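Below is one structure, written out as structure tokens; comments come after it.
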There are 2 protein chains.
Amino acid sequence: MAKATKAAAQAVAENGNLDTALRGLVGYSMKRATNMLQADASRVLDGYGLRITTFSALAVICDHPDVTQSQIAAALNMERSNTVLIIDALEQAGLIGRHRVPTDRRSYALRATLEGMKTRDAALKALAAHEDDMLRNLDQEERATLMALMGKIAPRS
Amino acid sequence: MAKATKAAAQAVAENGNLDTALRGLVGYSMKRATNMLQADASRVLDGYGLRITTFSALAVICDHPDVTQSQIAAALNMERSNTVLIIDALEQAGLIGRHRVPTDRRSYALRATLEGMKTRDAALKALAAHEDDMLRNLDQEERATLMALMGKIAPRS
DNA sequence: ACTTGTTAGCTATGTTATATAACTATTATG
DNA sequence: CATAATAGTTATATAACATAGCTAACAAGT
């Protein structure tokens with residue numbers, strides 16, 4: 001055990017937590033859980049040459065061929081400007097293609113390549129397996145409850 | 001409604017979601033909820049001259065006088081190196097003080113100033129109020145369940 | 001006491017995610 | 001046709017997070 005000042009060391013000895021007050025905040029506790037899940041997801045996706053954002057965009061494109069960058073931004077709750085480099089990366093990796101739309105020359109119709117579809121499927125499967133492990137202490141009903149409760153969180157009224 | 005390619009536009013018309021597959025991942029859904037809470041928390045804390053990380057560190061210091069930077073890093077699940085600038089910011093804002101420890105000249109005993117205590121109390125109160133609003137669709141039992149379920153998520157086995 | 005290993009804080013650096021403003025080309029609207 | 005809105009882009013900034021390496025100080029074993 002590390003040397004520590006008295007009061008803090010005592011708190012550590014008691015329950016190992018110095019952040020008791022913060023744990024009462026849902027945002028704080030959720031951030032910690034999210035960080036754990038995201039860090040693991042990043043490591044998994046790295047094996048497929050993807051980051052979390054590029055994987056997310058790829059998944060949307062696979063499920064919705066001919067989607068536009070603006071639609072992806074809206075779906076993933078990000079700024080349009082930030083989609084550019086993400087789509088660039090997917091295109092350069094040969095996972096998707098930008099196709100011009102005859103009826104609107106401003107936008108691109110994004111479509112996954114065969115490799116893109118395969119990569120998505122494999123990555124999604126790997127992610128699900130890792131999540132399943134990290135959620136091993138929750139049964140199916142508890143997982144459903146967790147998702148439902150998170151879905152009830154709303155923007156400021 | 002924005003002009004969109006056919007298939008994607010249809011999906012949007014149906015349920016407004018292009019990310020159905022991703023929503024099945026707990027990590028993805030939790031990230032979305034977390035982002036919402038964190039963005040709001042950042043705005044709140046900005047009013048107190050704090051960021052999420054500086055507020056978190058301040059809260060730990062207030063609750064555990066004479067805590068060290070390493071202990072804060074461990075408590076907040078961050079790297080020691082990243083605590084330095086955070087503690088610097090709190091010190092320069094006059095919210096905490098670095099005090100030398102006679103028994104160990106390597107470490108600092110961090111203590112909040114009176115203003116630090118006041119700032120923390122006010123910020124925490126404001127954060128709790130904002131969370132209470134964003135969680136208005138969950139009753140007390142549901143909030144407790146949410147916290148309990150998040151706490152069951154574990155690192156990879 | 002002296003070497004060895006560890007700890008605390010610090011510095012530098014890099015990446016990822018996110019946000020904003022401003023620009024061009026194109027399309028929609030009054 | 002003039003004006004407004006939209007799609008994509010560029011540039012830029014910041015927060016959070018991570019890694020490697022460094023110095024000073026302490027701890028432990030011989």
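Since this is a predicted model, take the numbers as computed values, not measurements. Every chain is numbered from 1, with letters handed out A, B, ... down the list of sequences.
- OP1 or OP2 of C/dG9 lies within a sub-4.0 Å distance of a side-chain N or O belonging to B/S70.
- Atom CD1 of A/I86 is separated from atom P of D/dT10 by 14 Å (rounded to the nearest Å).
- In this structure, A/I52 places its CD1 atom 12 Å from C1' of D/dC17, rounding to the nearest Å.
- Using modelled atom types, one side-chain atom of A/D133 and one backbone atom of B/S157 make a donor-acceptor pair closer than 3.5 Å.
- Distance, A/L85 CG to C/dT15 C1': 13 Å, rounded to whole Å.
- Note on A/N35: a side-chain N or O is less than 4.0 Å away from OP1 or OP2 of D/dC17.
- Contact check, A/S81 against D/dT9: no side-chain N or O comes under 4.0 Å of OP1 or OP2.
- What separates CZ of B/R43 from P of D/dT14 is a distance of 18 Å, to the nearest Å.
- Across D/dA25, D/dG8, D/dT19, the shortest atom-to-atom separation from the side chain of A/Y108 is found for D/dG8.
- The side-chain contact (heavy atoms from CB on, under 4.5 Å) with A/T34 is formed by just one residue from the set A/Q38, A/K31, A/M36; it is A/Q38.
- Straight-line distance from the CD atom of B/E79 to the C1' atom of C/dT11: 15 Å, rounded to whole Å.
- Enclosure of atom CE in A/M117 is not indicated, since only 12 or fewer non-hydrogen atoms of other residues, nucleotides or ligands lie within 6.0 angstrom.
- A/Q38 has its CD atom 13 Å from the C1' atom of C/dT18, to the nearest Å.
- Across all strands, A/Q69 comes closer than 4.0 Å only to sugar-phosphate atoms, never to a base (heavy-atom distances).
- In this structure, the separation between CZ on A/R106 and OG1 on A/T68 is 10.0 Å, given to the nearest 0.5 Å.
- Looking at residues two or more places apart in sequence or on another chain, you find a salt bridge (charged side-chain N to carboxylate O under 4.0 Å, His left out) between B/R111 and B/D66.
- Between D/dA7 and A/T68, no contact under 4.0 Å exists linking OP1 or OP2 to a side-chain N or O.
- Contact annotation: A/R105 reaches the phosphate of C/dT27 (side-chain N/O to OP1 or OP2, under 4.0 Å).
- B/K31 has no side-chain polar atom (N or O) that falls below the 4.0 Å cut-off from OP1 or OP2 of C/dT16.
- Taking atom CG on A/L110 and atom P on D/dA7, their separation rounds to 13 Å, with Å as the unit.
- Mapped onto DNA chain D by nearest heavy atom, B/R80 and B/R51 fall at different nucleotides, with B/R51 at the one closer to the 5' end.
- Within the structure, a side-chain polar atom (N or O) of A/R98 is placed less than 4.0 Å from OP1 or OP2 of D/dT9.
- Between B/N82 and D/dA18 there is no side-chain polar atom (N or O) within less than 4.0 angstrom of OP1 or OP2.
- The interatomic distance linking B/R106 (CZ) with C/dA8 (P) rounds to 6 Å, in whole Å.
- The side chain of B/S107 lies closest to C/dG9, out of C/dA25, D/dG8, C/dG9.
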